[in-house]
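Whatever order the structure lists ligands and atoms in, that order sets their numbers, starting from 1.
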Amino acid sequence: MTDNTDLAIVILAAGQGTRMRSKLPKVLHPIGGRTLLGHVLHTAQQLPASIVRVVVRHERDRIVQALEDIPGVDVVDQDEIPGTGRAVQLAVEALPAEFQGDVLVLSGDVPLLETDTLGALLEAHRAAAADATLLSATLDDPTGYGRVIRDADGSVSRIVEQKDASEDEAAVAEINAGVYVFRAASLRESLARVGTANAQGEMYLTDVVRLLRETGGQVAAQAASDARIALGVNDRVQLSEAAAILNARIVRRWQREGVTIQDPATTWIDDTVTLAQDVTILPNTHILGATTIAEGATIGPDTSLVDCEVGEGATVRRADATLAVIGAGASVGPFAYLRAGAELAAGAKVGTYVEVKNSQIGEGSKVPHLSYVGDTTIGRGVNLGAGAITANYDDIAKHRTEIGDEVHTGSHNVFVAPVRIEAGAKTGAGAVIRKDVPAGALALSVAPQRNIEGWVDKNRAGTAAAAAAERARSAEKAADGAQEQDDH
Ligand code: UD1
Ligand code: CA
């Protein structure tokens with residue numbers, strides 16, 4: 001009953017996940033910024049366990065690879081004997097022989113459990129000095145889950161799987177969440193007696209409950225306060241249900257932290273995101289990965305941010321950004337695309353139909369309309385005219401464009417990199433800048449305009465354009481005549 005009883009956690013992730021119909025192993029499907037298994041591990045790591053073991057078999061190398069960066073996790077390989085009972089048996093055999101603590105078994109496909117729930121389960125288990133304590137939930141539709149069958153006195157007698165259930169048993173609404181705490185010795189002893197005589201020919205972990213009861217052991221069930229946390233993901237319908245439940249939880253958490261989220265139903269926030277107070281999120285917005293957003297920023301509508309850093313008071317509207325840094329008070333969009341390495345300093349602006357990649361845009365500088373800025377360094381107080389294109393790629397390599405402080409460029413410029421436009425310089429409309437522009441110079445590259453009078457009359461006689469030109473000239477002549485009369 002001591003709280004410092006040694007704890008080992010076993011996470012089951014060896015199953016095939018057939019019902020997902022996916023090349024990706026089921027437990028590696030992501031929701032809310034982590035894989036299903038990642039959520040289970042994230043929760044497990046907040047518990048004081050001395051040992052964390054993940055049981056693998058199907059696609060084991062991919063799952064092991066996904067575990068690589070997570071410290072303190074051991075892998076156990078399941079053999080050809082199928083079933084959750086076999087998975088736990090092998091994990092328990094891999095424990096040190098002297099381990100006498102509790103074993104918490106979690107399923108890699110039950111991603112919504114929170115640490116508090118598991119802590120309470122452990123506490124109940126220890127308080128009752130039970131051999132096993134399982135988490136149960138009462139569902140409107142229990143189809144597919146194992147049912148918790150109780151004796152007349154209400155004590156848990158056994159668990160029966162959907163495929164093995166009689167009609168009466170299938171009508172039971174209390175389900176096994178696939179989450180259990182066992183006393184190690186009781187678990188070892190009863191697993192040794194689990195067979196495969198069932199509809200699926202597998203070693204069911206759930207048989208342990210019946211076997212323990214038959215030998216006088218004590219099994220308790222703790223009902224989840226919110227049945228939704230017990231959701232198990234076996235197919236893609238349940239995957240989207242789990243994602244929605246998780247998202248609703250994350251949205252509520254941030255709302256309580258002081259974030260305005262106008263439309264929770266169309267706002268998706270990964271579990272890995274950090275938001276500050278008084279951030280406002282407008283509808284149809286996805287904030288994903290390691291994104292952080294500082295106080296007072298407004299994001300959306302219709303915006304997607306992945307692994308971005310957004311500064312205080314910035315505004316990002318109808319934009320798509322990945323691995324971008326958006327400075328304090330900066331403004332992005334509508335209809336902007338920020339790719340990896342786009343860095344906007346404080347007060348910078350990236351406007352409508354602008355794409356930015358691997359570029360620094362200095363304090364207060366603006367790229368307001370219809371531009372591509374790639375591999376470019378822009379100083380402070382710069383204004384790029386509409387339609388600026390940095391031609392950064394010569395078909396062989398990428399080159400940089402450097403634009404100094406207070407440079408203002410004309411509309412529709414092409415900057416052929418590598419090229420420098422030094423501080424305070426200006427460029428004319430339509431210029432193609434192939435050579436460096438010295439500080440304070442005006443660069444023009446377009447030939448002076450030449451008007452060839454009467455070209456349309458000569459070459460397009462009889463067209464609507466020729467007729468319109470003729471009308472315009474007559475009107476001009478008449479106006480000139482009237483003017484002459486007035487002058488006399
Ligand atoms: C299991 C339970 C069921 C419970 C449900 C909760 C059993 C027999 N049934 O059913 O009572 O209501 O979870 O979600 O335990 N796994 C292995 N090795 C295997 C088979 C499965 O590691 O040989 C892993 C899977 O990868 C998965 C977990 O165990 O993470 C559960 O397996 P799954 O086949 O999904 O069991 P369910 O039919 O959902
Ligand atoms: Ca399952």
Between [X] and [Y] (side chain of the first, backbone of the second, donor and acceptor by atom type, cut-off under 3.5 Å), is there such a pair?
X      : Y      : value
Arg183 : Ala132 : no
Thr267 : Asp263 : yes
Arg380 : Glu363 : no
Gln78  : Ile81  : yes
Thr280 : Thr298 : no
Thr401 : Thr390 : no

Got a salt bridge between [X] and [Y], using NZ or NE/NH1/NH2 to carboxylate O under 4.0 Å?
X      : Y      : answer
Arg57  : Asp77  : no
Arg158 : Glu169 : yes
Asp271 : Arg253 : yes
Arg147 : Glu161 : no
Glu114 : Arg249 : yes
Arg53  : Asp74  : yes

Given the protein's heavy atoms, is any one of them under 4.0 Å from atom 36 (O) of ligand 1?
->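 Looking at atom 36 (O) of ligand 1, one finds that no protein heavy atom lies closer than 4.0 Å.
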
Might you check, step by step, whether the distance between atom 9 (N) of ligand 1 and some protein heavy atom is under 4.0 Å?
->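 It does: a protein heavy atom is found less than 4.0 Å away from atom 9 (N) of ligand 1.
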
For Asp109, what is the atom name of its N, O or S atom nearest to the Ca ion (ligand 2)?
->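 For Asp109, the N, O or S atom at the smallest distance from the Ca ion (ligand 2) is OD2.
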
Enumerate the atoms of ligand 1 whose separation from the nearest heavy atom of [X] is less than 4.0 angstrom.
X      : answer
Gly108 : 30 (O)
Arg19  : 34 (O), 35 (O), 38 (O)
Ala177 : 6 (C), 14 (O)
Lys26  : 35 (O)

[X] touching ligand 1 at heavy-atom level, < 4.0 angstrom:
X      : value
Gln78  : yes
Asp109 : yes
Lys163 : no

Report yes if [X] has an N/O atom closer than 3.5 Å to an N/O atom of ligand 1; otherwise report no.
X      : answer
Thr206 : no
Leu12  : yes
Gly178 : no
Ala14  : yes
Tyr204 : no

Heteroatom test (N, O or S) for Ser107 near the Ca ion (ligand 2), limit 3.0 Å |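 Within the cut-off used here (under 3.0 Å), Ser107 places no N, O or S atom near the Ca ion (ligand 2).
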
Should the proximity of [X] to ligand 1, defined as any heavy atom under 4.0 Å, be assigned to the side chain, the backbone, both, or neither?
X      : value
Glu161 : side chain
Met203 : neither
Ala230 : neither

Are there more than 12 heavy atoms of other residues, nucleotides or ligands under 6.0 Å from atom CZ of Arg400?
->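 Counting other residues, nucleotides and ligands, CZ of Arg400 exceeds 12 neighbours.
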
[atom] - nearest protein heavy atom and its distance:
atom                    : answer
atom 23 (O) of ligand 1 : Gly83 N, 2.7 Å
atom 7 (C) of ligand 1  : Thr84 OG1, 3.5 Å
atom 39 (O) of ligand 1 : Asn234 OD1, 3.6 Å
atom 25 (C) of ligand 1 : Gly15 N, 3.6 Å
atom 5 (C) of ligand 1  : Asn176 O, 3.9 Å

Side chain to side chain donor-acceptor pair (under 3.5 Å) between Asn358 and Asp375: does it pass, once the steps are laid out?
-> CA-CA 5 Å; Asn358 187 30; Asp375 303 309; 2.6 Å; yes

Say whether Ser136 and Glu174, considering side chains only, have a donor N or O and an acceptor N or O under 3.5 Å apart.
->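 Yes, because at least one side-chain N or O of Ser136 sits under 3.5 Å from a partner of the opposite role on Glu174.
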
May I ask which of Asp164, Thr18, Ile11, Val110 has a heavy atom nearer to atom 14 (O) of ligand 1 than the others do?
->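 Ranked by closest heavy atom to atom 14 (O) of ligand 1, first place is Val110.
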
